[in-house]
Amino acid sequence: MTYREFISANHDRIIEDIRTLVNIRSVKGDPAPGAPYGEGVRKVQLAAMDLCREAGLEVVDCEGRIAYAHLGPKDQFIGVIAHLDVVPEGNGWDSDPYCMIERDGYLVGRGTGDNKSPFVLTLYALKYLIQEKTPLRYGIRLFMGLDEECGMTDIDYYLENYPAPVFTYTPDSAFPVGHGEKGILSADFVSPAIVPGAILSFEGGVASNVVPDRAEAVVKACRCKLDAVLSDHPAITLEADGDNVKVLAAGKAAHAGGPEGSVNAIGKLADYLLASGVCNDTETQALTFLSDAAGQLDGTLYGINGADGLFAPNTIIVGMASLADGHLTFNVNSRYGTAIAPEVIEQRLEAAARDRGFTLTNMDNSKPFYLDPEYPAVKLLCSIFNELTGSDKKPYVMSGGTYARHIPNAVSYGTGGLNADGRETPEWVGGAHMKNEAVRIANLDLALEIFIQTLEKLQTVEL
């Protein structure tokens, strides 16, 4: 059976298998027995394992931390790792994020693109190899990632306890092939104790790696003061909240790896409260730092701006903020290249915190990685994509973070960067981590053919 015949025969089943996974809310939750990442993640893991067993693959559950399905030799094997956990749904969806629908030629739902459909497509690529009895020089291990969005402890656990692949790709970015990724740093700035004043609550953001499009605060203040500056802040709306006022801020979300053009709702909220004059001195001090941090993206505030000529310039966002126990905490997420050493970035953030009277906590720093674009597997993957699409694209480096940064000899490879039907993308379509996350149905067939050929042709390369 040809690739195209196989893909056509399985098209509808692929969509239904994607639906099975997307309809499970697999956001990380509280640990439970047998479910270290929460019940939702465990549920999607078990569903994915069932799909792999039905395909005839050997399936292994690695203590609930990660799972894999294996085909072929085990002494040397290729890894393909897709993740089944997702970021929280956020706001503003036109449909239920966990009830996948088809709309205008797209599958819509949280995880359709990031990263559940690529998992299903890889599974069907393995089904093709099984059906055609393809001889395998290297085994193939399809990983079910479960903690990609919240630290990638799953793959770290695997590598500590199980053998590593000789080469790995993760179908979690864009074709043709990503061979380098910026460093990723996340940390919390915690304010000194705030003297009780106007702000009763403050909350914004759903994840460290997303510029927030919503934020809100409840304040105890004269409505006339709040109304006086409202016309200068079009992102703000006010609602009664008993004897108090709820202040709502709207922004424009974006992934932390590409925040240009975003509007940070947390920053808009801080700016408005400062302008209103309702805050006391300690509130003003904390909000001023938050406003400064949310108001710029290049790291100048901390002295970490710069570019190395290899990666795009450094960026840093405020992803979340909250007021609890008398302290304002905001989380930053930086994507950085090699112009400044990782430890120097940490030192400069710590210095900025001290200068403002804040404390820096919960630091997590993953260094940049880079694989030579002349590496045989990188060249092969790029050529497969270009031949099937009639393109002449080159390997690239990126600001996003994938499993590739945690695994030796690994790259990111698909499924973005396709436009199989040549249509313009409708305005309502959202990308990874965005509202109305969607994947173009026409791209699924092309991506599957790319994956089948990739797993076949990698058998011919010295890895």
Side-chain angles (χ1 to χ4, degrees), residues 18 21-30 37-38 40-41 44 83-101 103 106-117 147-151 172-173 184 186 188 201-217 235-237 239 246-270 290 294 297 315 317-323 329-333 335 399-401 416 425-439:
I18 295 171
L21 301 181
V22 170
N23 287 3
I24 298 171
R25 187 179 186 274
S26 52
V27 176
K28 188 174 184 177
D30 294 332
Y37 305 120
V41 175
V44 80
H83 67 90
L84 303 174
D85 62 314
V86 297
V87 298
E89 53 274 21
N91 305 293
W93 285 71
D94 298 334
S95 58
D96 183 343
Y98 303 108
C99 182
M100 192 182 84
I101 63 169
R103 176 183 174 187
Y106 286 78
L107 303 180
V108 186
R110 174 59 83 223
T112 47
D114 186 27
N115 193 222
K116 294 177 178 180
S117 65
D147 190 39
E148 195 271 352
E149 298 291 3
C150 296
D172 191 17
S173 75
I184 300 178
S186 174
D188 292 333
S201 70
F202 191 107
E203 193 75 31
V206 297
S208 171
N209 56 3
V210 182
V211 177
D213 61 359
R214 301 285 179 91
E216 65 178 54
I236 301 297
T237 55
E239 295 179 359
K246 180 179 287 187
V247 184
L248 304 168
K252 182 180 180 181
H255 191 284
E260 296 79 7
S262 64
V263 178
N264 196 311
I266 290 173
K268 292 296 182 183
L269 180 57
L290 175 56
L297 297 173
T315 62
I317 69 161
V318 171
M320 298 182 291
S322 62
L323 178 65
T329 298
F330 66 90
N331 174 270
V332 295
N333 190 291
R335 308 299 169 105
S399 299
T425 303
E427 290 187 2
W428 64 265
V429 171
H433 300 187
M434 302 295 103
K435 68 180 182 181
N436 297 328
E437 180 181 345
V439 63

Between the CD atom in Glu260 and the OG atom in Ser399, the distance rounded to the nearest 0.5 Å is 7.5 Å

* To do: Please lay out, stage by stage, how Lys116 and Asn23 fare under the test side chain to side chain contact (heavy atoms under 4.5 Å, CB included).
  => CA-CA 11 Å; Lys116 294 177 178 180; Asn23 287 3; over 6 Å; no

Taking 4.0 angstrom as the limit, do Arg103 and Asp94 come out as a salt bridge?
yes

For the residue pair Asp147 / His83, report whether a side-chain donor-acceptor contact shorter than 3.5 Å exists.
no

- Message: Quick one: does any side-chain atom of Arg110 pair with a main-chain N or O of Met434 as donor and acceptor, under 3.5 Å?
- Response: yes

Is any side-chain heavy atom of Val87 closer than 4.5 Å to one of Val206? no

Rounded to the nearest 0.5 Å, the CZ atom of Phe330 sits from the CG atom of Asp188 at a distance of 9.5 Å

dist Asn209:CG -> His433:NE2 (nearest 0.5 Å) comes out at 5.0 Å

(request) Would you check if Val44 and Tyr37 make a side-chain contact, meaning some heavy-atom pair closer than 4.5 Å? (result) no

Counting only N and O atoms by type, is there a donor-acceptor contact under 3.5 Å from the side chain of Lys268 to the main-chain atoms of Ala249?
-> no

Worksheet entry | Verdict with reasoning, Val41 to Leu84, per side chain to side chain contact (heavy atoms under 4.5 Å, CB included) | CA-CA 7 Å; Val41 175; Leu84 303 174; over 6 Å; no

Of all heavy-atom pairs linking Pro97 and Val22, the shortest is O-CG1, 4.1 Å

Heavy atoms of Cys150 and Lys28 approach each other most closely as CB-CD, 3.6 Å

Here the pair of heavy atoms bringing Phe202 nearest to Leu290 is CZ-CD2, 3.8 Å

Residues Ala265 and Gly251: closest non-hydrogen pair is CB-N, 3.8 Å

Kindly indicate, with the supporting measurements, whether the criterion side chain to side chain contact (heavy atoms under 4.5 Å, CB included) is fulfilled by Asp213 and Lys252. CA-CA 5 Å; Asp213 61 359; Lys252 182 180 180 181; 5.8 Å; no

Paired with Asn333, the side-chain contact (heavy atoms from CB on, under 4.5 Å) test is passed by just one of Ile184, Val211, Thr315, Val210, namely Ile184

- Main-chain N/O of Glu149 paired to Asp85 side chain as donor or acceptor, under 3.5 Å: yes

Tyr106 vs Val429 side-chain heavy atoms within contact, under 4.5 Å: yes

Practice item. For residues Asp114 and Asp172, determine if any side-chain heavy atom of one lies less than 4.5 Å from a side-chain heavy atom of the other. Key: yes

Would you say the side chain of Asn436 lies within less than 4.5 Å of the side chain of Trp93, judging by non-hydrogen atoms?
yes

Nearest heavy-atom approach of Ala438 to Trp428 is CB-CZ3, 4.2 Å

Query raised in the report: So, does Asn331 use its side chain to make a donor-acceptor pair with the main chain of Ser186 at under 3.5 Å?
Result: no

Heavy-atom closest pair (Pro259 atom, Ile317 atom, distance to 0.1 Å) is CB-CG2, 3.7 Å

